[in-house]
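Bear in mind the structure is a predicted one, so any value in this text is a computation, not a measurement.
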Amino acid sequence: MAISFTAWLGKLVRTGDLEVETADGKTHAFGDRSGSRLGVRLVDRAAELELLMDPALALGELYTDGRLIISRGSLYDILEMGARNLSQLEALPWVKALDKARVAFRVLHQRNDRRHAKTNIARHYDLDRRLYDLFLDADRQYSCAYFEHPGQSLDDAQRAKERHIAAKLLPRNGMSALDIGCGFGGMALYLAGVVGAKVTGVTLSEEQFGVASGRARQSGFADRLDFRLQDYRDVEESFDRIVSVGMFEHVGVRGYDEFFQTVRRQLKDDGVMLLHSIGRNSVPGATNPWIRKHIFPGGYIPSLSEVLPAIERSGLYVTDVEILRLHYAETLRAWRERFMANREEAARLYDERFCRMWEFYLAGSETSFRVDGHMVFQIQIARRQDAVPLTRDYIPEREAELRLREATQRPLREAAE
């Protein structure tokens, strides 16, 4: 198997400089010697077979289990080099067959009815809240930031994201708003504290609900906030505005029609929604098997070609689409650097194996945005064509207004303590 494995690596690694020490103790060189030299060591012969048979699943599992060790460079360097080479390589026949099978049967892995949705969310978002404090910004934004200029801090870029979204919602003091998948409450706190909206936030995560509820009580405007541990499909009221940030990735293809039909029911006649979600700049596919198994069960990153038809079928209007390129790559880099700086504390919360898994998740996700073409889309949606202005000039105008209002507000991050 060692011969087959090294032959496969020779075909895979065409650019870069990689040394691989196989389980028999031999060292093999791959690539064109460009860039910094990187190195890995495989602990056992079975690891070689697993990588050969199903690299998309095996690579993360081997690293998590300590059976693939980085001997030179960093995990991110290895994953980035691999991703760049993979983008130029046709997979082995059985790997291509596995990929096709995963696409064909993907709906079986995206079961997000009420019972499965609760279980899937708990697997990731009900981890100890102190873990997220190790790498998120002060407002606990666990979604893509909006970097307005190079070098902007993560905290400022996350505030810019909230401002950018709020501007697209055409903010109005006293308006009612629903936050679907409210996370730790940051977006709802912004709409209530800066805009003056009355906000209902729903989540299926008990940890996030606890944090958001605590922040509401300490905010000074708790009368404008209503956080609920509730499935969005069970919300009966109607709202002037609806926002959803980083939740749509947990709906699954089979649930898109239900999602937008529910939004249409919950949105008032002159209402506006802003949907912020990760997307793929490619044809529809399947969730990476390692991510699906270990990080986001039930999750799926859609192509726009899967989302827009569902909006059309619901009778809603798409009034604006914006693609955020590389913003999430920068966000993930900041998260990864913060996590690694606090790795010892993460190990005390969990263990070394968990830390390797989390490092692989953050580094692999970053490469998916830098190399594989993932992006974030923001889709503005309305029930009427005339619900929003005819040009986009209103977005920077309202952002400027919101900046002035932010300056007069008590810093919302104080409510995070």
Side-chain angles (χ1 to χ4, degrees), residues 117-118 120-146 153-166 177-195 197 199-222 224-232 235 242-250 274-278 295-296 299 328 331-332 334-335 338-339 342 345-346 349 358 361-362 365 376 406 409-417:
K118 174 74 172 173
N120 290 337
I121 291 300
R123 283 273 304 277
H124 188 88
Y125 296 97
D126 281 346
L127 295 171
D128 193 315
R129 67 188 68 180
R130 291 173 295 176
L131 171 69
Y132 294 101
D133 290 340
L134 298 180
F135 65 93
L136 298 183
D137 65 299
D139 196 37
R140 291 189 180 95
Q141 289 288 310
Y142 193 28
S143 58
C144 176
Y146 182 64
S153 71
L154 178 64
D155 283 63
D156 288 344
Q158 291 290 15
R159 174 50 58 90
K161 184 263 300 294
E162 293 173 321
R163 184 187 311 119
H164 194 57
I165 290 174
L178 172 65
D179 186 352
I180 298 176
C182 62
F184 293 111
M187 191 73 233
L189 283 160
Y190 185 92
L191 292 174
V194 177
V195 175
V199 188
T200 298
V202 294
T203 178
L204 293 177
S205 166
E206 295 186 11
E207 280 286 310
Q208 291 184 337
F209 172 70
V211 172
S213 298
R215 297 180 72 186
R217 288 191 295 270
Q218 300 174 34
S219 67
F221 42 86
R224 298 200 294 272
L225 289 161
D226 176 20
F227 288 113
R228 304 175 187 174
L229 191 62
Q230 184 180 27
D231 193 294
Y232 79 97
V235 176
I242 298 177
V243 64
S244 184
V245 181
M247 175 271 179
F248 192 70
E249 300 90 328
H250 302 283
L274 196 285
L275 176 65
H276 172 115
S277 171
I278 301 173
I295 304 296
F296 291 120
Y328 218 153
T331 304
L332 283 155
W335 288 350
R338 290 178 174 214
F339 179 83
N342 292 291
E345 181 61 29
L349 287 174
W358 213 254
Y361 152 54
L362 293 173
S365 295
V376 168
E406 289 170 16
Q409 297 292 322
R410 168 194 174 197
L412 298 181
R413 66 191 61 184
E414 293 179 7
E417 302 301 326

Enquirer: Is there a donor-acceptor pair closer than 3.5 Å between any side-chain N or O of S244 and the backbone N or O of L275?
Expert: no
Enquirer: For H164, what residues pass the ring pair (Phe, Tyr, Trp, His ring centres under 6.0 Å) criterion, not counting sequence neighbours?
Expert: Y146
Enquirer: Give a yes or no on whether a salt bridge exists between K118 and E206, defined as a side-chain N under 4.0 angstrom from a carboxylate O.
Expert: yes
Enquirer: State which residues pass side-chain hydrogen bond (donor to acceptor under 3.5 Å, both in side chains) with Q158; sequence neighbours excluded, sorted by chain then number.
Expert: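 Residues passing side-chain hydrogen bond (donor to acceptor under 3.5 Å, both in side chains) with Q158: K161.
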Enquirer: Is there a donor-acceptor contact under 3.5 Å linking the side chains of Y190 and E406?
Expert: yes
Enquirer: Checking F209 now: which residues fulfil ring pair (Phe, Tyr, Trp, His ring centres under 6.0 Å) with it, not counting sequence neighbours?
Expert: none
Enquirer: Is a donor on one side and an acceptor on the other found under 3.5 Å between the side chain of R215 and the backbone of D139?
Expert: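 At least one qualifying donor-acceptor pair exists.
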Enquirer: Could I get the full list of side-chain contact (heavy atoms from CB on, under 4.5 Å) partners for T200, not counting sequence neighbours?
Expert: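 Once residues adjacent in sequence are excluded, the partners of T200 under the side-chain contact (heavy atoms from CB on, under 4.5 Å) criterion are L178, V202, D226, R228, F239.
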Enquirer: So, using ring pair (Phe, Tyr, Trp, His ring centres under 6.0 Å) as the criterion, who are the partners of F227 when residues are at least two apart?
Expert: none
Enquirer: Check D155, D137, D133 against R338 for a salt bridge (Lys or Arg N to Asp or Glu O under 4.0 Å) and give me the one that passes.
Expert: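 One option only clears the test, and that one is D155.
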Enquirer: Quick check on the 6.0 Å ring-centre criterion: do F184 and Y142 meet it?
Expert: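 Here the rings of Y142 and F184 have centres that are no less than 6.0 Å from each other.
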Enquirer: Kindly indicate whether the side chain of Y328, heavy atoms from C-beta on, has any atom under 4.5 Å from the side chain of W335.
Expert: yes
Enquirer: Looking at residues at least two apart in the chain, or sitting in another chain, which of them share a side-chain hydrogen bond (donor to acceptor under 3.5 Å, both in side chains) with E249?
Expert: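 With sequence neighbours excluded, E249 shows a side-chain hydrogen bond (donor to acceptor under 3.5 Å, both in side chains) to no residue whatsoever.
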